[in-house]
Amino acid sequence: MDKDDILAKSRAENQGSDEFEKQVLERAGKLAAQVGMVACCVIAAASVAVTERPNNACWVIYFSIHATLFWTKYRYTKVRHELLLAVVSTAVGLLFLGLFIKDLISYI
């Protein structure tokens, strides 16, 4: 493969994408995860204050989002650190899902 073939292939792969837009979306994703964490903390604290029971549903959603971010990053980067974070986020999300289901069953 010569230089022209490599450049043509690269242009075809990156067509319709803007580097600045990619950076903005990455920053937005990180900020959204941080805002989601704060929202989950507020909801969990309010739930405990009012009902004396934690609200596990918000944590299921939060860790599902986090796990998806890390699994996607690992898929494209193959960085072991991202894999570890993906596995931990998935495990914690499943833990909260189990607690949420347990709470639902207790109402039956």
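Each residue takes its place number in the sequence, starting with 1.
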Inset, instruction - Would you please name every residue forming a salt bridge (charged side-chain N to carboxylate O under 4.0 Å, His left out) with Glu52, sequence neighbours left out? - result: none
For residues 100-108, tabulate all N or O donor-acceptor pairs below 3.5 Å that involve a side-chain atom, not counting sequence neighbours.
from, atom 1, to, atom 2, distance (Å)
Asp103, OD1, Arg53, NH2, 3.0
Asp103, OD2, Asn56, ND2, 3.1
Ser106, OG, Asp103, O, 2.6

Inset, instruction - Report the distance from atom CG of Asn55 to atom CG of Leu99, rounding to the nearest 0.5 Å. - result: 11.5 Å
Inset, instruction - If you link ILVMFWY side chains whenever their heavy atoms are less than 4.5 Å apart, which other residues fall into the same cluster as Val50? By chain and number, please. - result: none
Inset, instruction - Kindly state each residue pair satisfying salt bridge (Lys or Arg N to Asp or Glu O under 4.0 Å) with at least one member in residues 74-100, sequence neighbours excluded. - result: Lys73-Glu82
Between side-chain atoms of residues 88-97 and protein atoms elsewhere (two or more places apart, or another chain), which donor-acceptor pairs fall under 3.5 Å?
from, atom 1, to, atom 2, distance (Å)
Ser89, OG, Leu85, O, 2.9
Thr90, OG1, Trp71, NE1, 2.8
Thr90, OG1, Ala86, O, 2.7

Legend entry - Carboxylate-amine/guanidinium contact Lys22 Glu26, below 4.0 Å: no
Listing, residues 57-70 side-chain donor-acceptor contacts under 3.5 Å, not counting sequence neighbours, or none:
from, atom 1, to, atom 2, distance (Å)
Tyr62, OH, His66, NE2, 2.7
Ser64, OG, Val60, O, 2.6
Thr68, OG1, Ser64, O, 2.8

Inset, instruction - State, yes or no, whether a side-chain contact exists between Gln34 and Val38 at a heavy-atom distance under 4.5 Å. - result: no
